Amino acid sequence: MPGVDNNTPLRLSLVGIKETGFSIRPDLREQDIENIDWMIGFRPILQDESRIAVEVRSAAINTETNIEIASCAVMLTYTVDNIDEFVTKESNTKLTIRDHLMLNMLNPAYGTLRGVMYARFAGTLLELRPLPLIDIQDLVKAAKRNEAAAQ
């Protein structure tokens, strides 16, 4: 990771928002949503020397049957003027991103995902089961634990 002190200013601008996925079971019934858990994941995507995107996906899983009943994903793209100070490309598939940047990208991405899901689930059985508010820091910490366990 580049040697960056905690006072390095982050120059980040949102330049794009795109829905990248949506599904809901057409045969959804009341009993399908009685016991659901929201699975949440994200992946950063380095696009070029100054642009990085983060895709956030959530799926509603029936905890009794372990079947996905709905999902949604959005991608937010950002420009980062000083990206080399916050992102290191370890390989074609692995990036190391400073927490400060990751949190600043994930906060609006997760909020956008919640809004898109709210709109998409309107008029369905899931409209009263919104994606919960979470502490984004917990999401980043969980991703780091999962990455460490996979190595």
Side-chain angles (χ1 to χ4, degrees), residues 1-25 33 36-63 66-151:
M1 179 58 61
V4 179
D5 63 49
N6 290 333
N7 296 323
T8 301
L10 175 62
R11 296 185 300 271
L12 175 74
S13 300
L14 178 64
V15 295
I17 299 173
K18 178 170 68 170
E19 182 179 335
T20 57
F22 175 78
S23 70
I24 188 168
R25 290 180 61 98
I33 66 165
I36 62 169
D37 193 14
W38 292 104
M39 305 305 289
I40 303 160
F42 67 92
R43 67 183 179 113
I45 305 158
L46 189 61
Q47 296 186 329
D48 60 38
E49 63 276 349
S50 67
R51 293 165 78 99
I52 187 167
V54 64
E55 184 176 45
V56 182
R57 181 182 187 272
S58 184
I61 308 294
N62 181 302
T63 57
N66 205 31
I67 293 174
E68 182 178 297
I69 60 173
S71 69
C72 189
V74 297
M75 182 182 297
L76 275 66
T77 303
Y78 301 89
T79 58
V80 184
D81 292 343
N82 52 345
I83 198 166
D84 292 339
E85 297 180 47
F86 291 91
V87 178
T88 302
K89 186 174 180 180
E90 306 289 337
S91 69
N92 286 339
T93 59
K94 182 169 174 24
L95 299 174
T96 300
I97 301 171
R98 287 189 54 211
D99 287 356
H100 183 60
L101 173 58
M102 196 74 248
L103 293 170
N104 276 281
M105 291 190 310
L106 276 175
N107 269 316
Y110 188 76
T112 300
L113 178 64
R114 290 185 78 240
V116 169
M117 290 177 77
Y118 179 81
R120 289 295 232 142
F121 292 151
T124 75
L125 293 174
L126 285 171
E127 78 178 338
L128 298 177
R129 302 293 299 268
L131 188 60
L133 290 171
I134 62 168
D135 184 337
I136 296 300
Q137 290 182 2
D138 291 342
L139 183 61
V140 172
K141 288 176 189 173
K144 285 183 177 183
R145 282 192 305 272
N146 291 340
E147 184 179 307
Q151 293 178 355

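Given the structure is predicted, the values throughout are model-derived calculations rather than measurements.
Considering every non-hydrogen atom in both Tyr110 and Val56, the closest pair reads CD1-CG1, 4.3 Å. Between Cys72 and Leu113 the shortest heavy-atom distance is O-CD1, 3.6 Å. Of all heavy-atom pairs spanning Ala109 and Val74, the tightest one is O-CG2, 3.8 Å. Contact between Leu101 and Phe86 at its shortest, heavy atoms only, is CD2-CB, 3.7 Å. Shown here for Ile40 and Ser58, the closest heavy-atom pair between the two residues is CG1-OG, 3.9 Å. Taking every heavy atom of both residues into account, Arg98 and Glu85 meet most closely at CD-O, 3.6 Å.
Atom NZ of Lys89 is separated from atom CD of Glu49 by 11.5 Å, given to the nearest 0.5 angstrom. We find the CD1-CG distance between Ile52 and Leu46 to be 5.5 Å, quoted to the nearest 0.5 Å. Rounded to the nearest 0.5 angstrom, Ile83 CD1 and Arg11 CZ are separated by 12.0 Å. Rounding to the nearest 0.5 Å places CD of Glu19 at 11.5 Å from OG1 of Thr112. Once rounded to the nearest 0.5 Å, the distance linking CD1 of Ile61 with CG of Asp37 reads 8.0 Å. For the atom pair CE (Met105) and OG1 (Thr77), the distance works out to 10.0 Å, reported to the nearest 0.5 Å.
Remark: Ser13 engages no residue in a side-chain hydrogen bond (donor to acceptor under 3.5 Å, both in side chains) (not counting sequence neighbours). When the side-chain contact (heavy atoms from CB on, under 4.5 Å) test is applied to Arg57, the partners found at least two apart in sequence or on another chain are Ala59, Glu68, Ser71, Ala73. For Arg25, the side-chain hydrogen bond (donor to acceptor under 3.5 Å, both in side chains) partners are Asp27, not counting sequence neighbours. Every residue two or more places apart in sequence or in another chain was checked for a side-chain hydrogen bond (donor to acceptor under 3.5 Å, both in side chains) with Arg114, and none qualifies. Residues meeting the salt bridge (Lys or Arg N to Asp or Glu O under 4.0 Å) test with Lys141, sequence neighbours left out: none.
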ask   = Going through the distances and angles, do Val87 and Val80 end up as a side-chain contact (heavy atoms from CB on, under 4.5 Å)?
value = CA-CA 10 Å; Val87 178; Val80 184; over 6 Å; no

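Phe22 CZ: more than 12 foreign heavy atoms inside a 6.0 Å radius.
Between the side chain of Asn82 and the main chain of Pro9, a donor-acceptor pair closer than 3.5 Å is present.
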List the atom pairs, donor and acceptor, that lie under 3.5 Å between side-chain atoms in residues 127-138 and the rest of the protein, sequence neighbours left out.
unit_1 : atom_1 : unit_2 : atom_2 : d
Glu127 : OE1    : Gly123 : N      : 2.9
Arg129 : NH1    : Ile33  : O      : 2.4
Asp135 : OD1    : Gln137 : N      : 2.9

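Within the 4.5 Å cutoff, side-chain heavy atoms of Met102 are placed close to those of Phe42. Between Leu126 and Ile24, the closest side-chain pair of non-hydrogen atoms falls below 4.5 Å.
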